[in-house]
Amino acid sequence: MIVPLPHILIFSLLLFAIGIYGALVRRNIIGILISIELMLNAANINLIAFSKTTSLAPETGQIFALFVIAIAAMSAAVGLAIVLALFRVRKTVYTDEVNLLKW
Amino acid sequence: MMFGMGILKGLWVTLKNFVTSYFCKPGSGGIFTVQYPEERCAEFENFRNFPFLVYDGSPDKIRCVACGICERECPPKCISITMATDAAVPNTVDQKNIKVGAGKPARRPEIFNIDYSLCMNCGMCEAVCPFDSIYMDHAFETTAMGNRTDLLKHKEDLLKSNDYFLKVRPTLAAAVTEKRRIAEEKKRAAAQPPQGPAL
Amino acid sequence: MTMPGWLRSIEFAVDLSFVNAKGWFLDLLGKFLPGWIVVLTSIVISGVVILCMGPIIMMYLTLLERKLIGRIQNRYGPNRVGIWGLLQPIADGIKMFTKEDIVPANADKLIHLLAPIVIVIPALMVFLVVPFGERMTAANLNIGILYFIAVSSITTIPIFMGSWASRNKYSLLGGMRTAAQMISYEIPMTLSVVPVIMMSQSLSTNTIVMTQCGDVDLHWFVFTPWGLTGFMIFFLCAVAECNRPPFDLPEAESELVAGFHTEYSGMKFALFYMAEYMNAFTLCGIATTLFLGGWQGPFLPSWLWFFGKTFLLICVMIWFRGTFPRFRVDQLMGFAWKFLLPLTLINILVAGLWQFVPERTAWLYSVPILIVSLWTLVKLNRHFVPEKRAYPLAD
Amino acid sequence: MEILTIGAKFGVYIVMALVLVFALGVVTLRNLFHSALCLAAVLVGTATVYLALRADFVAAIQILVYVGAVMTLIIFAIMLTEHLGEKTIRQTNRQSPAAILGLLGFIFMIGLVILRTPWPVTKRALATGTSVMSLGKALMGSYVFPFEIISVILIAALIGAVVIAKKDPEEKS
C-alpha cells in the first residue's frame, strides 16, 4: 500500500465535500448531476481503500465499486433524459427558474 | 448468397487493378502515366501555342511585309507592328539635297511585338496572314518571371527559320514551301522575256 | 517436423535480438549505477522506443496508403521525393510544421489547443499493451485487453473538445456523428473480444498469444468458426473505430468538409492525423494478437511475424478505402446495432459451447448456427428505404 | 529500490492534489463544458488512484464506463441544452457562503474521526492482491444475485431514459 489509509480517506472526504458543495451551489441541473458523479466517485475510493486494507474478503470492495459505477451510469442516463425532456418543454435548465409544479 | 457477392466483386476488381498495375503494359491495365519532365507525350502536329515569324535563309529576309492585317484581326490585340522606313540610299542627294529614299516606307517590320501574356493561341493571325509569315508554334514552356515585361516578345525572339517551321509542322510547312517555290518559279518565268506564246 | 538444433538456436537468437540487446545494455549499466536507476532506464528505454516508433510508423503508413491507393487507381503513388517517394513523409512533416496554425476568432482557445494533445495520448498509450514479439511487450499487464479497450474508448472526449471548441456548425455536426459512431462500434468490438478471453482464460495479451502457439500446426483462433466471425466483426469495428472508409462519414469531405478537425491546420491537424493512423496501426496490431496468433509463426523471428501480419491487415484497410463507397448515417448505425451486435452475442454463445463439446462435434453444431444466424440477420436487415419526408413549410 | 517507492508515493500525492484541484474546477467553473472536461480529468485521476491501490480491474472499468460512456452522455446533454457560445450567466446561487461554512464543519468533524480511529489495517490484507480471476469468481459466485439485479436495473434505466427523452410524435415543438 503506497499511501497510508488515513490519507486516502481524507482525500475522498475532501472530494465528497467538493461534490456536496457543487450539488448545493450550482444553478444548472447538469452541474448538479456532475457533482453527484463526484460524490459517487469519492464513495468508490473509500470502498476500494477499505477492501485493500481491512481483512474482509478482498473482492467485496471492488465488486461493490463496480456496482456503484453501474448505478452512477444509470443515474446519469435517467437524470440527463429528464433534463432533456425539461429543456424541451421549459427551454431552461436552471433550477431556480423551474419552480412551478404545474400550470 | 447474394449479400456478400457485391462486396467481394468490388474487392476483386480493385485487387485485379492493383496487381495488373505492376505486371501489365500500359495498354492492357498497366500504368500509362507519363512522368512529365523526364518523359514527354508525342506532340500533335496541329497543336498550336504561341505564334512565331518565319524567315527564309537569314533573319533579315523576313517574310513579313508589315501589312498589319494580323494586328487588326487579333482578338486580344496583342500584336503591335510598325513598318520600317527605308534608310537613305548611301551618298546620293536629290535636288533639295535630301537623301534619296530616306523615310520611304519599306515592306519590312521595324518593330514586331507579340504580348505572350495576352495571346490566347487562337491562330487567327496564322489564318489571315497572306504572306505565310506567322505560324503557331509548339513551344509551351514559356514561363517568365515578370509577366508584364518578360512576356512581351520582340521581333528577334519571334523570328525562326523556315527549316524550324518544317520541323515543327511538317505537312503544313511542306505545302507552304511548295506553294512558295511554284509562285517563285512562275514569277521568275514571267520576269524573263515572254518567249513562250509569241513564237 | 523438429528443426535441427543449430537452426533453432539461430532463429532463437535472431528472434530475441532486441530483448538481448536491451538486457545486455542494462547489465552493463547495472555494473556502474545503483539498482533503481537500472529499473528506471529499462522503463525509459521501452518508453523512448515506443515514442519514436509510433510517429515513424505513422509517417510510413501515410506513404504506404498513398502508394497503394495510387496503384489501385492505376497511377503511381508519390515518387518524386527520394527514390520511390520514401522521403515523402518527411516532406509532409515539414509542410505540417511550417503551415500557419489558424485558430478561429471566437474559438475556445484553451480547449482548441488541448484537443489534439488529448487525442494523441491514448493513441500512444495503447502501444504499451501490444505484444510486438516474444517477450517484447512494453508492459505485461494482466488486464491487457481491458486496458486496450478502456484507453481506446477515451478518444470520444477529444473529438467533442475539438468540435465544440472550434465553434463551427459543421465541426459540431461531424463531432456528434463521430462520437455516436465510435460508441456504437465500441460495443460490438468489446463483445467480439470476449470469446478470445474465454478461450485463453486471461486478459493479458501475452497469454492470449501463447494459447495460440503451435510450431507448424497453428492453433490461431481465426481457424475456428467463432474465431473467424469474431475476427471479421473485430476488424470491421476497428475500421469504424479509426474513422476509415467505408465508415468515414463524419469526416467526409463531400458533406462535412473535414468533420471535427475542420478548423485545425498546421501542427494541430498533424496531431489529429497522427492519432488516426496510430489508432489504425494499434487496432490492426491487437486484431493480429487476438485472432491471427500475434507473433506466433513457424520459422521467421517473432517480431517479423507480428509486423508482417499487422501490415497485411493495414493493407486490407487501405484496400477497403480503395473500393467501398461511404455508408449513409442510418446504414452506419443500423449496421452496428442491428447486425454486428446480435452477431457478437451469438458468437459468444457458440464460443461458450465450444468448450464443453469435443472438437469434431463442436464444428458440426457451430458452423450451421453461425451461418443460419448470419442469414437471418441479413434477411432482417432488409434494404431500408426511409419514408418520404414531409416538408410542411415547403408547400 | 526504496527511492522508487518514495517516488511512487510522491506521484500518488501529486495525483490526489491534481484531482482535488480539478474537482474544484468542476464545481466553480462558469462554462459548463469546461467543468465537464474537469470532471473527465477527475475520473482519470481517480482511475490512477485505483491503480495505486492495486485495483487495476476497477481502474480499467472506471475509464471504460465513466470516461468513455458517462462523460459522452453528459457532454451530449450539455451540447443539446446549452446555446452555443451565449454569455454564461451566473452559475451559482446565493447559498454558497452558508454551504462553505457547513462543509468546513462537516470536513473538520469527519476528518477528526478519520485521524482518531485506529483502522484495523492487517498485514495479511495488504499482501493479498485481487486478481481478475478471483473477482470473476466472486462476481459469479457469492454475488451472482446482485449481478443479475444490476442488469435488470440497467435495462429498466435504458428503456426509461429513451422513453423520457424521446420526442413524442404529437407534440408540436
Side-chain angles (χ1 to χ4, degrees), chain A residues 1-3 5-11 13-15 17-22 24-28 30-31 33-35 37-38 41 44-45 48-49 51-55 57-60 62-63 65-67 69-74 76-78 80-85 87-88 93 95-96, chain D residues 8-9 12 16 20 23-24 26-27 32 35-36 39 42 46 49-50 52-55 58 61-62 65-66 69-70 73-74 77-78 80-81 91-93 95-96 99 103 106-107 110-111 114-115 119-122 124-126 128 130 134-135 138-139 143 146 150 153-154 157 160-161 164-165:
Chain A
M1 242 316 249
I2 302 176
V3 183
L5 182 61
H7 294 191
I8 294 186
L9 295 186
I10 288 180
F11 165 66
L13 168 68
L14 290 176
L15 201 60
I18 292 172
I20 293 181
Y21 174 77
L24 290 176
V25 160
R26 274 264 182 199
R27 279 182 69 221
N28 190 328
I30 300 178
L33 273 174
I34 290 179
S35 335
E37 298 293 328
L38 265 186
N41 264 323
N44 259 351
I45 293 174
I48 303 264
S51 90
K52 192 73 197 72
T53 52
T54 54
S55 62
E59 293 84 16
T60 31
Q62 300 200 4
I63 286 175
L66 293 179
F67 289 158
I69 288 179
I71 300 283
M74 272 182 286
V78 176
L80 293 171
I82 293 170
V83 163
L84 284 186
F87 183 77
R88 202 175 333 113
V93 189
T95 41
D96 45 17
Chain D
K9 186 192 281 278
V12 171
M16 283 194 200
L20 287 180
L24 277 174
V26 166
V27 164
L32 203 57
S35 75
L39 179 69
V42 164
T46 39
V49 168
Y50 292 157
L53 295 172
R54 290 287 181 286
V58 179
I61 291 291
Q62 153 112 345
V65 171
Y66 257 120
V70 173
L73 205 63
I74 290 174
I78 291 174
L80 291 176
T81 53
Q91 285 292 13
T92 58
N93 51 28
Q95 296 159 344
S96 55
L103 283 178
F106 168 71
I107 291 173
I110 303 284
I114 290 176
L115 294 176
W119 297 104
V121 181
T122 56
R124 190 176 56 74
L126 284 182
T128 59
T130 55
S134 60
L135 262 180
L139 206 56
Y143 292 97
I150 283 276
I153 300 176
L154 273 173
I164 295 171

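Values below: every heavy atom of this structure, side chains too, minus hydrogens, waters and symmetry copies. Chain A is the first sequence line, chain B the second, and so forth, proteins listed ahead of strands; every chain is numbered from 1.
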Next on the checklist: Under 4.5 Å from any heavy atom of chain D, what part of A:I82 do you find: side chain, backbone, both or neither?
Outcome noted: both
Checklist entry - Looking at D:I61, D:V65, D:L115, D:L139, which has the largest count of heavy-atom pairs under 4.5 Å with chain A? => result D:L139
Next on the checklist: For chain A, which candidate among D:A23, D:A8, D:A99, D:S35 shows the most heavy-atom pairs at distances under 4.5 Å?
Outcome noted: D:A23
Checklist entry - Who wins among A:L24, A:I10, A:N41, A:V78 for the most heavy-atom pairs under 4.5 Å with chain D? => result A:N41
Checklist entry - How far does CD1 of D:I78 sit from CG of D:L73, to the nearest 0.5 angstrom? => result 10.5 Å
Next on the checklist: If I measure from the heavy atoms of chain A, does D:I153 come under 4.5 Å with its side chain, its backbone, both, or neither?
Outcome noted: both
Next on the checklist: Out of D:V26, D:L135, D:I110, return the one with the most heavy atom pairs under 4.5 angstrom to chain A.
Outcome noted: D:L135
Checklist entry - Once you round to the nearest 0.5 Å, how far does OH of D:Y50 lie from CG of A:N44? => result 3.5 Å
Checklist entry - Who wins among D:V49, D:V12, D:I74 for the most heavy-atom pairs under 4.5 Å with chain A? => result D:I74
Next on the checklist: To the nearest 0.5 Å, what is the distance between CZ on A:R26 and CG on D:L32?
Outcome noted: 6.0 Å
Checklist entry - Between atom CG of A:L66 and atom CD1 of A:I71, what is the distance when rounded to the nearest 0.5 Å? => result 12.0 Å
Checklist outcome for this item: If one checks every heavy atom of D:A69 against chain A at 4.5 Å, the contacting part turns out to be neither
Checklist entry - Which region of A:L13, side chain (C-beta onward) or backbone (N, CA, C, O), has a non-hydrogen atom less than 4.5 Å from a non-hydrogen atom of chain D, or is it both or neither? => result side chain
Item to check | A:R27 backbone acceptor or donor facing A:T95 side chain under 3.5 Å | outcome: yes
Checklist entry - How far apart are the C-alpha atoms of D:W119 and D:I114, what are their side-chain angles, what is the distance that settles it, and do they pass the side chain to side chain contact (heavy atoms under 4.5 Å, CB included) test? => result CA-CA 9 Å; D:W119 297 104; D:I114 290 176; 4.3 Å; yes
Checklist entry - In terms of heavy-atom pairs under 4.5 Å, which option from A:I30, A:L14, A:L84 contacts chain D the most? => result A:I30
Checklist entry - Which bit of A:A17 is near chain D, if near means a heavy-atom gap under 4.5 Å: side chain, backbone, both or neither? => result both
Item to check | Trace of the side chain to side chain contact (heavy atoms under 4.5 Å, CB included) decision for A:F87 with D:L80 | outcome: CA-CA 9 Å; A:F87 183 77; D:L80 291 176; over 6 Å; no
Item to check | Reference residue D:T46; test side chain to side chain contact (heavy atoms under 4.5 Å, CB included); the match among A:I48, A:L15, A:L38 | outcome: A:L15
